[in-house]
Structure formats: structure tokens, C-alpha cells
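Here is the structure we will look at.
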Amino acid sequence: MSIVDKDQTFMDDALVEPPPPPPPMVELDNSLLLENLNEAQIEAVTQPLESTSRVLAGPGSGKTRVLTCRIAHLLRHTHNEKILAVTFTKKAAGEMQERVQELLTSLQTHEEESKPPPAPSPYDDIDPYDDGAYGAELEEALVVYEGGNAEPLSPLEQRVRGAVSWQMRRVTLGTFHSTCARILRMNREYLNSLSSVVKHSPNNDATLDGNFAIADQAEQLRIVKEILKEREINEKDLKGVKLNTILNVISNCKEEFAQGKNPFRPKGNKPLPETLKVAAQLYDAYREKLISTNQMDFDDLIYLTRELLAENDDVRDRMRQRWSHVLVDEFQDTSLSQLDLVKLLTSNSLFVVGDADQSIYSWRGAHVGMMADFNDHFPDAKTVYLMENYRSTSNIVKAAQKVISSGKTDSIEAEMRQDMKPKREAGPKPRIIACDDDKGEADLVIKKIKQGVEAGEYGKNHEVAIVYRTNAQSRALEESCVQLNVPYVIFGSATSFYKRQEVKDCLCFLRWLANGKDRGSMLRCLEKNAKGIGMGAIAEFESYCNAVLTHYGNNLRGTPQPTPLDLLLSIADRSRIHESSPPADSVLGKRARTHLLAFSTKMNSIYDLALKESVAKVLTHVIDSLDLLALIDKRSKSTSEFEERQENVRELQQASERYTDGRPCLGSANSPTEGSEQEDSELTPLATFLEDIALVTELADASKKDSDEHRFVVCLMTIHTSKGMEFDTVFIVGNEDGTFPTSQALEEGPGSVQLEEEKRLCYVAMTRAKTELIMTWRKAVRIFTPTGVRTTKRHRSQFIDVLVASKPKKGSAQMESGGTKKSSNQRRSGTTNIYGQGTNNIYGQAPPKPSKAVVTERAGTTNIYGNRQGTNSYGQSSKSSPSRSRFTTSRNSQSPATPNRSNPLDRENGYASHTSRRSLSSFARQAQQPTPNKSRRATAQRGGSASAVPSARARQPSKSSPNRSPKPKASALGGGGSVDSSWFFPIGSEVIHAKLGRGIVLPPPPATESNDMPVRVKFSSGDHQVFDARGPELSPAVSR
DNA sequence: AATCGGCTCATTTTT
DNA sequence: TGAGCCGATT
Ligand SMILES: Nc1ncnc2c1ncn2[C@@H]1O[C@H](COP(=O)(O)OP(=O)(O)OP(=O)(O)O)[C@@H](O)[C@H]1O
């Protein structure tokens, strides 16, 4: 105990006691800090230092800005107090870090400039980017990243940087998960006495240690499979319960347990659902396996930390002392357990920011009522509302508002909801475009973007995103990008990169080295990457393991048991285990022995290297000594596949290089860099690398260069991923019922939890747009059925209906007859009754009535609705949109005010700076023209390259169906924000008429009873004609 | 032990 | 459609 305490104190001291004294508190001029804030924002930022505050605010209202300023405010008004800021993703943490840094820099610069030249200060030699005060090791990396433009810093700049660096050291930025991992590792000595750990380690051997690994989904699955196998349960016997479902259920159960409930007890007299039955069967075994292999899953990070803090007063006090101020961004997506954590960590300064309408993670355990409930948990909390929307044009704000206020109206959220005040001009109207199918949609979107770029419609730094509901939707878009030579980047987690075999095959060695008990990695090493070893040899190895462990159990009690890694090593090097152990030869057969010995020899050399050398060197040695490239070659079907895989491996090696800090890979050796006392130094470089991978930190891509910064690139991502971002132009694709909202949500029906979340998701998506918002949908969608591929007709989404619908007329309510007849997808009978079931449906009382007449009448062929082209109004507005990173004044345009910090180990904040992921090789090839992005945040790329290679197969033009869109009455006559034909065919754009050829759209005539969305077109012949914007005759003339 | 081919199932969303 | 899994073959 005393040792522990000492250790902890020591670590804390390292942080609390600065080598240089804190900067003198000068007269603080807060006006500069508050200069760019409105009144409500100022009120939020300047809440008392010791207080609990909740900022409730809609999208684009500057929540993130407020949080940033609040951090700066706290830093400037306290001395050594430290700050914990929790963000939703690591990327958000990175941006936050950058922004705070920029802000502090500009404030500090201002202060320094207005001061007389001071005497030399202790900061003069501190370079904020290298921890240089403590070690010189990082210089190499610095050269790499600042190499191009390393200008000598002026004394002023040095002082500023030093001061800022010092202040930033007081800030810990991270996600709940990364913060928890940190807390757990800091308090590793407590892990095995946590009650739930005790409960799930039947052998009571101290199994968890500070090197615990974070189990990814693959590992979770492996464990479940292993349990099933052990119990001789066939997957098929599970009655259709899928393995992934089991994992999800287990995850939910953990939350329930944490909240003091027992999910496995039947509720009332209802029998337990099958999924829960299965989960109940597996739950204990699953946890035991994790713990006995020294692993935790994502959920454990949260729950065990919560337990740690709840059960150990001393730890809790220490952690509370450590962070005097706690801030949480995106609080609406916080779970109840995370709330508990916040409570446990907070002493008396808490600042949370969120928007109930943007809660989109309830499926992951987020508590939807979190924002509303906040004051129940913190009765003294002060609430500040931010009502102004600075991001989007008012047309976009209005449209989004229309969507969010549709549907359920009796929730607390709905009651609390107030309209935002748009601060920007009206801007171009949001547009809705119908497309034939996915190919048509993708081509249309990409062509429009291409045109925007090439015709100069997009100003400099114009950012464009395409967002979609499901990842699978990216494929068609990618194909179009490749075909049309438009550079793109897929945002999202890098998991697909780490799922690739070749990457896994490399990583399993590193993981096994870091955690000798990691069984999954062990099996992969042996099974896939060791020559001549298969299931048989593995079985023999395991009996050897058991023999030795039995021996330890019988004769060597008190001696720490060897891990499977130790045992493997011992085959070639007996000294790895106790000399009295039974010899391997006695257990292993000849054949197995030969191969295991060979492999063990190699592993020994790898292990020894790991005690001396960097992660990158070890990885290289792994690849070389096991001839992994040859293996990959053998497994590849083509040279291009091999090259791609090889490229992935290289990418991984590159990433690993950044985890070089002079310490050895397994550098437990307590002689890191002299005097290096950063709190993280107890985590080995290898462990840091692996943890970053597990927690989905974006890995480094050194190839990102400044020269890329101003190139145009389209950002592709799911709507979930887009949370918190903003773009000048946003395309939301796949807005058809069954895709978005998902069919599952539709089946739950109007007002259901799921459908409401889909609605919020749509709201989030729409509010990402600053100036231009375009929503597309597909009239036909390809689906996979047992009978093969089929295309199914789809209806535009109910959210679009909301946008298009006019004020409902009383009494016109009517169930949709299913006028879609056979053409509609019979499997989804659920969809029909979303129209006008009872009173609470999304349309209020009067669902739009699909007119039968329309259905039959319009039996025309081919056509898509309105793409627009030609010049339209949006050049004007892009300037007025405040650029996100343009907060600071001063001249950071030329100086690397915020260069990519180079080394993830240099993490005073536990955060590795943003970077991009591996590029799709096909993309890399075709992207010679543009590439990554100017935007600091727009960089990541997902692996999954296979999907980027477009198959050149010809596509059937899908037979266009009669348009069965419900035809809202008199919609264009409605008030502000309603849809008129210009949403489909902008005035001035070029269209093609099936018979009359090309024409130009003129201002429309007033709507009439028979044509409520008229478009007037002028043809080359000089004729003017009026059409129905929703009719089949017109289609947009796609740019040439 | 390694490879090949046929079978099944899939698409929510992510730390 | 196509990726991943299982089992039969060498
Ligand atoms: N007081 C202000 N004056 C001018 N622009 C502002 C102000 N506050 C914020 N902005 C701008 O508004 C935009 C949105 O800000 P921010 O990203 O902080 O909003 P948010 O509330 O976090 O949005 P979301 O909830 O969608 O994540 C940014 O471009 C930001 O620069």
C-alpha cells in the first residue's frame, strides 16, 4: 500500500510541481478571450470557477467554442489546477486541443506584446511541441514534421510557446474510454481487488495487471466462440441468435448490472427473450475469459473505473484532486454509468455541453434523457441556453427545425425545444433530388461536386461532405469518385484497416509480446504465421503449458506463473521458466517439437529485441524473421492484391515509427530518458501503440504534407461520424424509407424510440451544412434476398415528406392504401402504416395522400428529378461563413502555429494529434491530382480498400417506375421554409425534356390546384411550358 | 497442415 | 453480390 501511495504521489508530483514555476499571473484582460462570443456564450464561459453548469444549445450555436473558451478561462484563472475535458471521439479531443492551444497562443501573444520586453523567463527554452524541457529524444521526430519550415523562433514566440505549452500540460483531453484506461493503469494495483473482478476470477490468481489489453470486437467474438466450443454448443443451436447480437446484449447487460438491475431476471411473468437467455448463459464465462487473459473490453473500461472510484475512497480522492475541473462535450450521448463516473470524478467544478436533439447514440447505451435529467443529478446546476445558430443559412436552419419538430411532440425534449435563431442570411434553398438508383445517385452527386470544383463554384477552402446512414452506402459513391476522378476521403474509424488479415498478422505478435496472456493473439501467431504448426501442434503445446502450470501449482506456489508467452519461449530457452519444470520434449511429439522449437527460437530473438529496441524495429524484425511478406504473397490471389497488402503492412510500420522515444518497446526498464517523469512513462511504447490502436486513435500518416493542405477533397462519412463537424456543402444521400430511416426503425412505428432517433440523426445531418444542403433519394434500391439480387422500389423518406409537406388540411387524414401495390416491397408491410396511423404520426393529423391518379397516370419512362446546374447564388455566402479554425488572430497563417505534433508518446495530454489513416491504394493511385485536405480535421481515411476498386461491369439502367410520390397539396403556398419547385429545379438551371429536349428553368408561375409545384421551362425553340416538378417529363441536364 | 471450393448470410450506427 | 466460414480433399 505504502509503495503504491508513494508511487502515485510521485507521479502526481511530477505534474503538480512544474520544473519552471507557473507564469506570473498578470492582470488578466478577459475581453480578448470573450471577444468572439455573444452574450449567452460569455455567460456560459464565465460561470464561477467552482460551479456546475449545463449549456443547452442547438447545432451550430458555438457549444464547442464555448467549451474551448471555458478551458482557456479556467487555465487563466487558476494556478496549478488541472482540467479534464472529455470529448466524444479522439478526433474531437484533437481539435479541442488545437483550438485551445491556438486560443491561448493568441491571448498570450497579445499579452506579451503589450508588455515591456521582460527579463528572460524560465520558459525561454521550452518548445511546447517536444517536451524538450525533459528530453532531447524527440528531436528526430521534430525534424520530420517541422522540417520544411522550421524558422527560428523570435524570443517573443518562444515565450508564448513556452507559456502555452505549460498551460496545456494542465489539460487532459480524451474520451471517456481513453480517460478510463488511463485511470485504470494509474491504479493498476487495485484492479484485482475490484469486486466484479474478484467475482469473475474463480482461481483467484492475480490476473489483471497494468499491461491489460483492450479487447477488440474480433477478440470478443473469439472468446464467445471459444466458450461455445468448450460447451459443445453449435452456433446453429442458438436459435438464430447471432454472435454479434450476443455481444451487444452482454454489453447492455453490463450497463444494467451497473445500474443495479438484473437483466437476466424475467420481467413480470414474461419469459426471458432468447437473446437474453443466451447472454445469461455466456456472461460469466465471457468475463472470466477476458480477465484471465488480462484483457478488458470497451465497456469494462467504463465499469471497472466506476467501480474503482466507488470502492476506493483513497483513489477517488486522489483522482478528484488530480482534476479540479471536469468538462464534458456532447453530453447528450453519455450513458448513465458515464454520468456516475462524472459524479465520482467531480469535486466542485463541472461544465457540460450538449443538445438533446442531437442524441444519436442510444443504441450504444447513451441515455436519451441525459440533458433533461441533468438537474435532477445536480440540483444546483446553472443552465445557459445558446439559441443562435452561426453555422447554417436560415433556410437550412428552418428546414432542419421542421424535421426535428415533426413526430413525437409529447417528450420532454420536444417541450424544451425552442427554435434557433439563424444568424446567417437566407442562402440557397436546400434541395431534394430523386434519383433512379444508387449508381444514378452517386453519379449525380459526384458530378455536381466535380462541377462545383471545376467551374469554380466552390470558393477556396470550400468543404464538401457526403453523408449517409450506413457504411455500405459509401461504395457506390467511391466508385463514382474513382470513375470521375474526384478525390475523396472516407472518414470513420480505422477499424477496417485493423481488420485486415495482413495487419492482424503483424499485430498479433506485438500484442502477444505486450500481454503474454493474450490467447487470441497467441493462437493467431501460431496458427497462421508459424510454419508447420497447426491445430495438432497447438494442442500439444497446450498440454505442455498445462504440464508446467500444474507443476507450478503443485510445487512452486508463490512463484508467479509463467504466461503462455513465457512457455513458448521456454521451448527454446529453458531459463524462461523455473528449472524444475518438466521438459518440453517429454510432452511434445517429434514433429510438433521441431516446428515449435524453430518458432520459439524466433520468438526469443524477437522478445530480446523488444527489450532493447523500438516498436518499429521490433515490428520489422517480426516481419523479416517470420517471412510474413512471403506468407502474404502466397495468400494473395494477384500481384495487385499482394501489393496492396504489402502497402498496408508498410503503413503499419510507418505508424509504429511514431512511437519511438528512445525507450525500448517493452521498456519497463525504469530508466527512460533521464528526468523524464511524465505520468505516462509507466506505459511502455508498445503498450501505448496498442492502446491507441484499440481506442481507435487515428494513426499517423507521415505522408500527409503541407502541400496537400489546399487541395480539394470530398469527405465521405456516416452521419454518426459527422457529428460535431461542419461543411459548406453537405449531401445527404439515401433518403428513402428503409434506408434512412432504417427499415428496423420503421417497423417500430411512429413515435418509437428508434424512429425518433432516426429523426434526430436526420437533424444532425442537415445541420452539418453551412450553406448548401442537398438531399437525394433513390427510387429503387438493390437488396439481397435468398433468391438473388433484386431491386426494390423505395419511397422518399418521411423526413423529406415533412420538408415537402404543406400544412396538413384537417380531415384529409387517410391511411395509405398501399397504393404502391405489388411494386412496393411486400416484406416491409410495416412501412405502409407509418402514414397516418392514428393521431400521433409524423405528419400530425394529415398525412400526405398519395394520389392513385398519380400512380397510374405517370407510367412514363426514365427520368430523374432535378439536378441543378449553372451558376447559382451561393458564391456570396461562403465568405460570411466563419471558418472554424479561424479563431485566433495573429499570423498563424504562415507560421506553423499548430504543427502536427509528431510523437504520440509526447502526450502531455494523453492525446495523439490528428492524422490520417491509410489510403486506399486505388485511391492513392488515382488521386494524383488532388488529395487530402486543407481542413485540419478532414484527413482520415479508412482502409477497406477492396471496396474502392470499382468493378467495371456495365450497369443496367434501371427501369424507371411510375412516380408514386405522395403529392402534397398546395405545398408551395405554405409559409417560410416550404418547398417549391426550385428545390427540384433551380431557376436558371438546364433541364432535359423527354421530347422537347434541352431547356432552361424560368421563375415558376403560381401553384394551382392541379399543379402545386410548377416549373416553367424555356426551350431552345423559344417556347415556354409549365410542368409539374414531380412529374417524369423533366430531368436535370447533368453537366457535361 | 494447407488449400480449395461450396455454402451461408448479410446492412444500422462506434468507443 | 461477395466475404467469410466450414468441411472435404491433397
Ligand atoms: N459568437 C460567435 N460568433 C460568430 N461565429 C460563431 C460564434 N460562436 C460560434 N460560431 C461559429 O459557429 C459555428 C458552429 O460552432 P460550433 O461548432 O462551436 O457549434 P456547436 O454548437 O458545437 O455545433 P454542433 O452542436 O453542431 O457540434 C462555427 O463555425 C463557429 O466558428
Side-chain angles (χ1 to χ4, degrees), chain A residues 86-93 174-181 214-218 221 225 234-236 240 242-245 247-248 251 296-302 330 333-335 338 359-366 467-475 491-496 499-501 526-528 530-538 591-592 595 631 634-635 637 691-697 717-723 734 738-747 754 757-758 760-761 764-765 781-791 942 944 946-947 951 953:
Chain A
V86 183
T87 57
F88 193 70
T89 61
K90 285 246 181 174
K91 193 194 288 174
T175 61
F176 274 108
H177 295 273
S178 68
T179 308
C180 285
I214 298 168
D216 58 14
Q217 168 135 332
L221 277 176
K225 280 185 195 160
N234 195 323
E235 259 181 63
K236 310 269 141 67
K242 282 164 288 171
L243 293 188
N244 274 317
T245 317
L247 290 182
N248 282 334
S251 170
M296 293 185 194
D297 64 19
F298 276 112
D299 303 312
D300 292 333
L301 293 174
I302 307 290
E330 309 278 15
D333 282 318
T334 300
S335 71
Q338 287 166 341
S359 170
I360 52 176
Y361 279 92
S362 69
W363 51 272
R364 206 178 82 184
V467 300
Y468 35 80
R469 179 64 238 266
T470 64
N471 282 307
Q473 289 171 265
S474 72
R475 173 175 296 210
F491 279 56
S493 78
T495 47
S496 51
K499 273 193 198 128
R500 302 189 59 100
Q501 291 149 45
L526 289 168
E527 216 172 307
K528 305 238 171 176
K531 283 192 195 113
I533 297 178
M535 293 312 280
I538 290 176
R591 190 191 148 86
H595 290 115
L631 272 177
K634 205 157 61 180
R635 286 176 200 156
K637 292 213 177 77
E691 177 163 317
D692 279 356
I693 289 172
L695 295 179
V696 207
T697 302
M717 69 193 85
T718 64
I719 300 172
H720 283 89
T721 302
S722 76
K723 187 171 81 160
T739 307
F740 182 32
T742 60
S743 43
Q744 295 94 322
L746 283 169
E747 269 157 31
Q754 287 196 48
E757 184 147 309
E758 297 287 304
R760 292 192 296 270
L761 199 52
V764 168
V781 166
R782 290 152 61 86
I783 53 160
F784 304 105
T785 65
T787 14
V789 213
R790 266 226 329 255
T791 57
R942 192 174 69 179
S947 63
S951 55
R953 77 197 123 94

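Order of the sequence lines sets the chain letters (A, B, ...), proteins ahead of strands, with each chain counted from 1. Keep in mind that what you see is a predicted model, and the values were worked out from it rather than measured.
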- Before accepting this row, confirm whether a basic side-chain N of the pair D216(A)/K499(A) lies closer than 4.0 Å to the acidic partner's carboxylate O. no
When rounded to whole Å, the CG to P distance for the pair L243(A) and dT8(B) reads 17 Å
Whole-Å distance, R782(A) CZ to dA10(B) C1', equals 14 Å
Rounded to whole Å, NZ of K225(A) lies from P of dC5(C) at a distance of 5 Å
Of the candidates dT15(B), dT13(B), dT14(B), the side chain of Y361(A) sits closest to dT14(B)
Among the nucleotides dT13(B), dA1(B), dG2(C), whichever has the atom closest to the side chain of R475(A) is dG2(C)
Comparing F88(A) with A537(A), nearest DNA chain B nucleotide closer to 5' gives the residue A537(A)
- request: Assign I533(A) to base, sugar-phosphate, or nothing according to its heavy-atom contacts below 4.0 angstrom with the strands shown.
  value: sugar-phosphate
Regarding the side chain of K242(A), the nearest nucleotide among dA10(B), dT14(B), dT15(B) is dA10(B)
Closest to the side chain of H720(A), out of dT13(B), dC5(C), dT12(B), is dT13(B)
Closest to the side chain of T718(A), out of dT13(B), dT15(B), dT11(B), is dT13(B)
Nearest-nucleotide check on DNA chain B, G532(A) vs Q744(A); residue mapping nearer the 5' end is G532(A)
When rounded to whole Å, the NZ to P distance for the pair K90(A) and dT14(B) reads 18 Å
- Task: Please check the phosphate of dT13(B) (OP1 and OP2 only) for any side-chain N or O of N471(A) closer than 4.0 Å.
- Result: yes
In whole angstroms, the gap separating P of dC5(C) from CD of E527(A) amounts to 12 Å
### Task
Please state the P separation for the pair dG4(C) and dT11(B) - nearest whole angstrom.
11 Å
Atom NE2 of H595(A) and atom C1' of dA2(B) are separated, to the nearest Å, by 12 Å
Sorted by chain and residue number, the ring pair (Phe, Tyr, Trp, His ring centres under 6.0 Å) partners of F88(A) (sequence neighbours excluded) come out as Y361(A)
TODO: Considering just the side-chain nitrogens and oxygens of T721(A), establish if one lies under 4.0 Å of OP1 or OP2 belonging to dT14(B).
DONE: yes
With the side chain defined as heavy atoms from C-beta on, K634(A) is closest, among dT3(B), dT12(B), dT15(B), to dT3(B)
note: M296(A), atom CE; dT15(B), atom C1'; distance rounded to Å ~ 15 Å
Worksheet item: Under 3.5 Å, is there a donor-acceptor pair between the side chain of D300(A) and the main chain of D297(A)?
Response: yes
Side-chain contact check for M535(A): nearest option of dA1(B), dT15(B), dT14(B) is dA1(B)
message: Looking at T179(A) and T175(A), would you say the former's side chain and the latter's main chain have a donor-acceptor pair under 3.5 Å?
response: yes
Looking only at heavy atoms, the pair that brings K723(A) and V764(A) closest together is CA-CG1, 4.3 Å
Hey, does T470(A) reach any base, or is it just sugar-phosphate, or nothing, if we go heavy atoms under 4.0 Å?
sugar-phosphate
Closest of dC5(C), dT15(B), dA1(B) to the R591(A) side chain is dA1(B)
Which of dT12(B), dT15(B), dA1(B) is nearest the side chain of Q754(A)? It is dT12(B)
* Asked: Going by atom types only, do N244(A) and Q217(A) share a side-chain donor-acceptor pair under 3.5 Å?
  -> yes
I360(A) atom CD1 is separated from dT12(B) atom P, nearest whole Å, by 17 Å
